[in-house]
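Structure record follows, encoded as structure tokens.
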There are 2 protein chains.
Amino acid sequence: MDRAISVKLSPALKASCHTCSLSNLCLPLAVEENQLDQLEDIVEQGRIYDRGDHLFDQDTPFRSCLAVRSGAVKTSIITENGSEQVTGFFLPGELVGLDSLSGERYACTAKALERTSVCKFPIEKLEELTSAMPELQHHMYQLMSREIQGSHQLAMLLSKNSAEERIAALLLSLSSRFQRRRMSGTKFNLPMARSDIANFLGLAVETVSRVFTRFQNQGIIRTQGREVELLDIESLRGVMPDFDRQSPPSPR
Amino acid sequence: MDRAISVKLSPALKASCHTCSLSNLCLPLAVEENQLDQLEDIVEQGRIYDRGDHLFDQDTPFRSCLAVRSGAVKTSIITENGSEQVTGFFLPGELVGLDSLSGERYACTAKALERTSVCKFPIEKLEELTSAMPELQHHMYQLMSREIQGSHQLAMLLSKNSAEERIAALLLSLSSRFQRRRMSGTKFNLPMARSDIANFLGLAVETVSRVFTRFQNQGIIRTQGREVELLDIESLRGVMPDFDRQSPPSPR
DNA sequence: CGCGGCGTTGAGCACGGTCAAGATGCGTGG
DNA sequence: CCACGCATCTTGACCGTGCTCAACGCCGCG
């Protein structure tokens, strides 16, 4: 089923970490050049997802962690009563699914926010490989640990900071993550809808909207739909009393 | 320095997982009987901490993960401007420090809420061992993944639920965790102060107090200082629209 | 052209934070 | 033993941020 779409897009199913431009962000980061083949051996090239497609669904059997190659992904958990909580946004090079390693089934649903391609790391093979390669195991621990930290930071944001501060923090986080990907850190397109931002930050959509226009009136940012330009990053930092000045190369 | 206090308490510095009553909750859970020696070999018996003592401090060199043997621990992160965010409470058998695996330094401060004893797992040795024992590695992935999930649940609680719902959720979580430890799930002592609860749940102390008395007036719980009795667990669940009916054997 | 998704703006209200004071409990020392 | 002081917890009164509800603008698409 994976091949259905990707036939003409990727004649070879095997991924090539060697030539991948994300190798300094993704798992290969932890692997020596001469061992990269072993990693490539277990990677499966995923298909292309259109905006709105599900990469996987909560409570379905957990098979693989996914690395975003291009595009953007949001993850969310859905409760019995149907309410949704967005738990993260993922950009190219970031690993999705680390929260599902504890069970047989995915702990969340992952949805493509725009046209997105991924690499798949089947979990059994990945565990085998990390057993054999201590550096890779170490890296996995690091990634998961950072995810915990990020989640704690989010909890702090939600419990301690105002609407303005939360949004400033998100903009700064996106900014630095885009920058690390050699894209502009001051002008970019938000991959997610206002409602996703609101949900993620524990706010109402209307509040997000209001804060955006307030920032715009203050000359801190300029927005036009999903296009954002950060005009005054220092002010934005000023809005956020405590935000890791240089957050580590972390996912979320 | 470890020995200073524990001399007469633990003549042997080496821990004995074989006889530990927590072996079905703690790391030994994942280890075959005949391999338990290898785990014991790397465990260090920690000292006894009094209420208020720090087990470790944020930004100090990261050495070990700690398993709580007895007592209770809270972890919190402190920002530059001095504000604190409690990130978790840990009961016997739970592993503290998983959020620090990504760096050279502890990502949070761990403080004993009451008289507490711990086992220490030096991180280098632990990583070596998990490389050699796939089941243990798997278990570590599980623990970390559950910590991520728990943190997401917390984020959801903070962003979507009212004060009453948050407190109900905490009480239910403590209840089930005490129960799993063969203690009463309906009558127990809160190891933490109201201010810790408030901080953890993103509320003001006054609000926590008010909700406690409101619950008491409704006959749902009975409290007297830190002593709590859950009189009507079903109502408590009713307060919480969506709370994992049976949450997995998870930390925090 | 009309419809639906998405974003913005406005008006009113409520939950929970803040400030302030009092109650309770506990450890320390006289 | 009580007296004192400090920390913790409770209760009350007030107020502000952000949620709710409602309407409207905008844009893409059938």
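Computed from heavy atoms alone, side chains included, the values below leave out hydrogens, waters and symmetry copies. So you know, we letter chains A, B, ... as the sequences are listed, proteins then strands, and number each from 1.
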Could you go step by step and tell me if B:F56 and B:T109 meet the side chain to side chain contact (heavy atoms under 4.5 Å, CB included) rule?
-> CA-CA 6 Å; B:F56 55 76; B:T109 294; 5.8 Å; no
Atom-to-atom span, [atom1] of [X] to [atom2] of [N] - whole angstrom:
{"X": "B:L158", "N": "C:dG16", "atom1": "CG", "atom2": "P", "answer": "13 Å"}
{"X": "B:E227", "N": "D:dC9", "atom1": "CD", "atom2": "P", "answer": "14 Å"}
{"X": "B:R166", "N": "C:dC15", "atom1": "CZ", "atom2": "P", "answer": "13 Å"}
{"X": "B:I197", "N": "D:dT8", "atom1": "CD1", "atom2": "C1'", "answer": "12 Å"}
{"X": "B:R51", "N": "D:dT8", "atom1": "CZ", "atom2": "C1'", "answer": "10 Å"}
{"X": "A:N189", "N": "C:dG7", "atom1": "CG", "atom2": "C1'", "answer": "15 Å"}
{"X": "B:I167", "N": "D:dT10", "atom1": "CD1", "atom2": "C1'", "answer": "13 Å"}
{"X": "B:E114", "N": "D:dT8", "atom1": "CD", "atom2": "P", "answer": "15 Å"}

Are the charged groups of B:R222 and B:E227 less than 4.0 angstrom apart, N to O?
->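 Looking at B:R222 and B:E227, the cut-off is met.
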Salt-bridge present (A:R105, A:D59; N to O < 4.0 Å) =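 So A:R105 does not pair with A:D59 through a salt bridge.
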Does A:R214 CZ have over 12 foreign heavy atoms under 6.0 Å away?
-> yes
Check whether more than 12 heavy atoms from other residues, nucleotides or ligands sit under 6.0 Å from atom CZ of B:R226, and answer yes or no.
-> yes
Which is true for B:R226 with a 4.0 Å heavy-atom rule: it touches a base, it touches only sugar-phosphate, or it touches nothing?
-> sugar-phosphate
Just checking A:G202: base, sugar-phosphate only, or nothing, at a heavy-atom cut-off of under 4.0 Å?
-> sugar-phosphate
Think B:R194 has a side-chain N or O under 4.0 angstrom from the OP1 or OP2 of D:dA7?
->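 For D:dA7, OP1/OP2 do not have a side-chain N/O of B:R194 under 4.0 Å.
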Check DNA chain D against residues 203-220 of chain A and give the residues with a non-hydrogen atom under 4.0 Å, in numerical order.
-> A:L203, A:A204, A:E206, A:T207, A:R210
So CG of A:L157 and OG of A:S162: to nearest 0.5 Å the spacing works out to 9.0 Å
Results of salt bridge (charged side-chain N to carboxylate O under 4.0 Å, His left out) for B:E206 - residues two or more places apart only = none
